[in-house]
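Please read the structure below before turning to the comments.
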Amino acid sequence: MSLKPMFVLFLVLCVSVVNAEGLNYTFTDGKLTGTETIAATGYIELHFQNNNDQPYDIAIDRLKEGKTPADLEVATASVAEAFTTNPEKIPEATKIDYETSETIGGVSAAPNASATAGVLLGPGIYVISPSCGG
């Protein structure tokens with residue numbers, strides 16, 4: 001399993017309505033750009049433009065109550081370290097990761113292509129992260 005560095009955008013949501021445009025993200029040369037803060041709950045569309053020569057995915061994870069973006073960074077680093085250098089720590093690192101956030105959706109795009117998916121958002125803090133799909 002090949003792990004790529006995790007690039008994240010944090011979304012802080014509250015009750016309101018998002019515009020018809022939805023959330024828009026572009027991944028180019030290892031950098032994810034797009035909507036960082038919105039006021040929205042409910043169903044919205046997630047638009048993803050992949051400007052790379054291999055498939056990529058983006059996932060939306062909601063931080064669990066009491067968890068912070070810093071907690072997620074620590075959990076993600078622990079998982080990456082376990083998979084690359086310390087396999088006996090995979091179960092413990094994975095447990096911490098699951099206790100920190102939950103995946104609520106995402107979208108995959110082929111090389112140099114775009115894709116759209118729908119997600120249902122409730123109040124919370126969300127993290128958007130890309131990963132290599134190939």
Side-chain angles (χ1 to χ4, degrees):
M1 175 178 192
S2 171
L3 293 177
K4 301 283 182 182
M6 183 173 162
F7 302 92
V8 297
L9 294 173
F10 297 99
L11 303 177
V12 180
L13 305 182
C14 60
V15 178
S16 186
V17 177
V18 75
N19 64 30
E21 298 294 316
L23 300 174
N24 299 290
Y25 297 94
T26 301
F27 192 60
T28 305
D29 297 328
K31 182 173 179 173
L32 182 66
T33 58
T35 308
E36 292 189 42
T37 303
I38 62 168
T41 58
Y43 176 86
I44 62 167
E45 288 188 349
L46 175 65
H47 306 283
F48 177 45
Q49 175 64 47
N50 176 17
N51 294 329
N52 294 281
D53 61 358
Q54 58 187 336
Y56 270 86
D57 312 314
I58 58 172
I60 299 180
D61 297 311
R62 185 179 62 79
L63 294 178
K64 294 191 176 176
E65 190 169 329
K67 298 299 180 179
T68 66
D71 294 329
L72 182 59
E73 287 181 43
V74 169
T76 302
S78 295
V79 169
E81 179 185 353
F83 272 95
T84 58
T85 63
N86 210 346
E88 66 275 0
K89 292 194 175 188
I90 291 172
E92 178 184 341
T94 302
K95 179 180 182 273
I96 292 169
D97 188 51
Y98 286 131
E99 291 172 345
T100 304
S101 68
E102 63 183 319
T103 300
I104 62 150
V107 62
S108 300
N112 298 302
S114 62
T116 299
V119 294
L120 184 60
L121 301 178
I125 299 173
Y126 290 79
V127 177
I128 307 295
S129 59
S131 63
C132 182

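Residue numbers count from 1 along this sequence. Keep in mind the model is a prediction, meaning the values are calculated, not measured.
The closest side-chain heavy-atom distance from Leu72 to Asp97 is below 4.5 Å. By the 4.5 Å heavy-atom criterion applied to side chains, Leu63 and Val127 are counted as neighbours. Considering only heavy atoms from C-beta on, Val107 stays 4.5 Å or farther from Tyr25 through its side chain.
Remark: Val119 pairs with Ile44, Ile60, Leu121 by the side-chain contact (heavy atoms from CB on, under 4.5 Å) rule, at least two apart or across chains. Listed by chain and number, the residues in a side chain to side chain donor-acceptor pair (under 3.5 Å) with Asn112 amount to none (sequence neighbours excluded). Evaluation of the salt bridge (Lys or Arg N to Asp or Glu O under 4.0 Å) rule for Lys95 yields Glu99 as partners, not counting sequence neighbours. By the salt bridge (Lys or Arg N to Asp or Glu O under 4.0 Å) test, Glu102 pairs with Arg62, sequence neighbours left out. For Ser114, there are no side chain to side chain donor-acceptor pair (under 3.5 Å) partners, not counting sequence neighbours. Under the side chain to side chain donor-acceptor pair (under 3.5 Å) criterion, Thr94 pairs with no residue at all, not counting sequence neighbours.
The two residues Pro111 and Pro55 make their nearest non-hydrogen contact at CG-N, 3.7 Å. When all heavy atoms of Thr100 and Ile96 are compared, the pair lying nearest together is OG1-O, 2.7 Å. Residues Phe48 and Ala109 come closest through the heavy atom pair CD2-CB, 3.6 Å.
With Asn52 contributing its side chain and Phe27 its backbone, the two residues share a donor-acceptor pair below 3.5 Å. Distance alone, capped at 3.5 Å, places no donor-acceptor pair between the Asn24 side chain and the Gly34 backbone. Judged by distance alone, with hydrogens and angles left aside, the side-chain atoms of Asp61 form no donor-acceptor pair with the main-chain N or O of Ser101 at under 3.5 Å.
If you take CG on Leu23 and NE2 on His47, they are separated by 8.0 Å, rounding to the nearest 0.5 Å. Once rounded to the nearest 0.5 Å, the distance linking CD1 of Ile58 with CG of Leu32 reads 6.0 Å. Thr116 OG1 to Gln49 CD: the interatomic distance, rounded to the nearest 0.5 Å, is 10.0 Å.
Counting heavy-atom neighbours within 6.0 Å of Lys67 NZ, excluding the residue itself, gives a total above 12.
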